[in-house]
Amino acid sequence: MVLEIDPIINLTYYHVANDVPEISPNIAVVIDVLRATTTISWALKNGADSIQVFADLDSLKESAFRWNADQRVMIGERGGKKIEGFDLGNSPLSVTKKAVYGKRLFMSTTNGTRSLEKVQHANHLFAMGLPNRRAVAEKIISLKSKNVLILGSGWEGSYSLEDSLAAGALASYLKKNYHSEVNILNDELQSALALWQIWENDILGCLKTATHGKRLTSLGDYEEDFKCCAQLDCLDIVPAQVERGVIRAS
Ligand code: MLT
């Protein structure tokens, strides 16, 4: 009998897109806890057909206006605020069944969609928030792949606490649940793991402490968004890129 041993998983974390080397990783996981990847996960849970992501607003409009008006939803923010003329902002609470079921979402956000674009050459590209952390981790385990690149979205090129927290949460899950070795390849991810150990019982507190959490608080009442983004492992959705820039549930 030949015993099959699961390969070692090597995890590397980049906290901003600019640091990512020009390679095509086998697996890339993009995180934007507040709020793009949480919103993507909830939109797919609520039956959105697909989400096409754009860093650039003109390209978004060009593609969206070619789509049947009844079947499209334009969604996004700049600086945390809804984009003028768009149907929805970037709140995970706005992507209800009524708003998105069966539709293609055309989405652009300040940082999250840029990160997705940065690693769009990956063989497998997943979007992760805290609500679908376990689902994405189990998908990674099932792929039996060696190298996984985790990319946080940060804020306009700077570090963000909440994305690093989620990177740590993913690494922690893999270390606990994968039957073979999990290597943490860089200091960024070691720090993210330590962050997770400090805040895992107060995720909401961490999100509100983060700079972008404070930015949202200064813009209005985002209490329900915070609560939604702070939920852990409650969604079984794995948002996966199926063609360049287009994400579907898998
Ligand atoms: C982003 O992409 O920077 C965020 O999702 C911003 C937001 O909170 O809407």
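A quick note: this is a predicted structure, and the numbers were derived from the prediction, not measured. Both counts, for ligands and for their atoms, begin at 1 and track the order of listing.
Within the 4.0 Å heavy-atom criterion, the part of Asn90 lying near ligand 1 is the side chain and not the backbone. Under 4.0 angstrom from ligand 1, the non-hydrogen atoms of Asp32 all belong to its side chain. Both the backbone and the side chain of Arg35 come within 4.0 Å of ligand 1, judged by heavy-atom distances.
Atoms of ligand 1 lying under 4.0 Å from any heavy atom of Leu34, numbered from 1 in the order shown and given with element: 4 (C), 5 (O), 6 (C), 7 (C), 8 (O). Shown in contact with Thr109 at under 4.0 Å from a heavy atom are these atoms of ligand 1, numbered in order with element: 1 (C), 2 (O). Residue His212 approaches ligand 1 through these ligand atoms, each under 4.0 Å from one of its heavy atoms: 6 (C), 7 (C), 8 (O). Close contacts between ligand 1 and Ala36 involve ligand atoms 5 (O) [criterion: under 4.0 Å to a heavy atom]. Within ligand 1, the atoms closer than 4.0 Å to a non-hydrogen atom of Trp155 are 3 (O), 6 (C), numbered from 1 in the order shown.
Scanning the protein for heavy atoms near atom 3 (O) of ligand 1, the closest one is Asn111 ND2, 2.6 Å. Counting only heavy atoms of the protein, atom 6 (C) of ligand 1 lies nearest to Glu77 OE2, 3.3 Å.
No side-chain heavy atom of Thr38 sits less than 4.5 Å from a side-chain heavy atom of Leu130.
With hydrogens and angles disregarded, a donor-acceptor distance shorter than 3.5 Å links the side chain of Ser250 to the backbone of Val238. A side-chain donor-acceptor contact under 3.5 Å links Asp56 to the backbone of Ser59.
Between Arg78 and Glu84 there is no salt bridge, since no side-chain N of the basic residue sits under 4.0 Å from a carboxylate O of the acidic one. Between Asp236 and Lys45, at least one side-chain nitrogen of the basic residue sits less than 4.0 Å from a carboxylate oxygen of the acidic one, meeting the salt-bridge criterion. Taking the charged nitrogens against the carboxylate oxygens, Glu181 and Lys175 have no contact shorter than 4.0 Å, which rules out a salt bridge.
For ligand 1, none of its N or O atoms has an N or O atom of Leu216 under 3.5 Å away. In terms of polar-atom proximity, Gly154 is not counted as a contact of ligand 1, lacking any N or O under 3.5 Å from an N or O of the ligand.
Cluster membership for Ile150 and Ile203, using ILVMFWY side-chain heavy atoms within less than 4.5 angstrom, is shared.
The only option from Asn10, Leu11, Ile8 that meets the side chain to side chain contact (heavy atoms under 4.5 Å, CB included) definition with Val182 turns out to be Leu11.
Counted by atom type alone, Thr109 and Asn90 present zero donor-acceptor pairs between their side chains at under 3.5 Å.
Within the 4.0 Å heavy-atom shell around ligand 1 one does not find Arg215.
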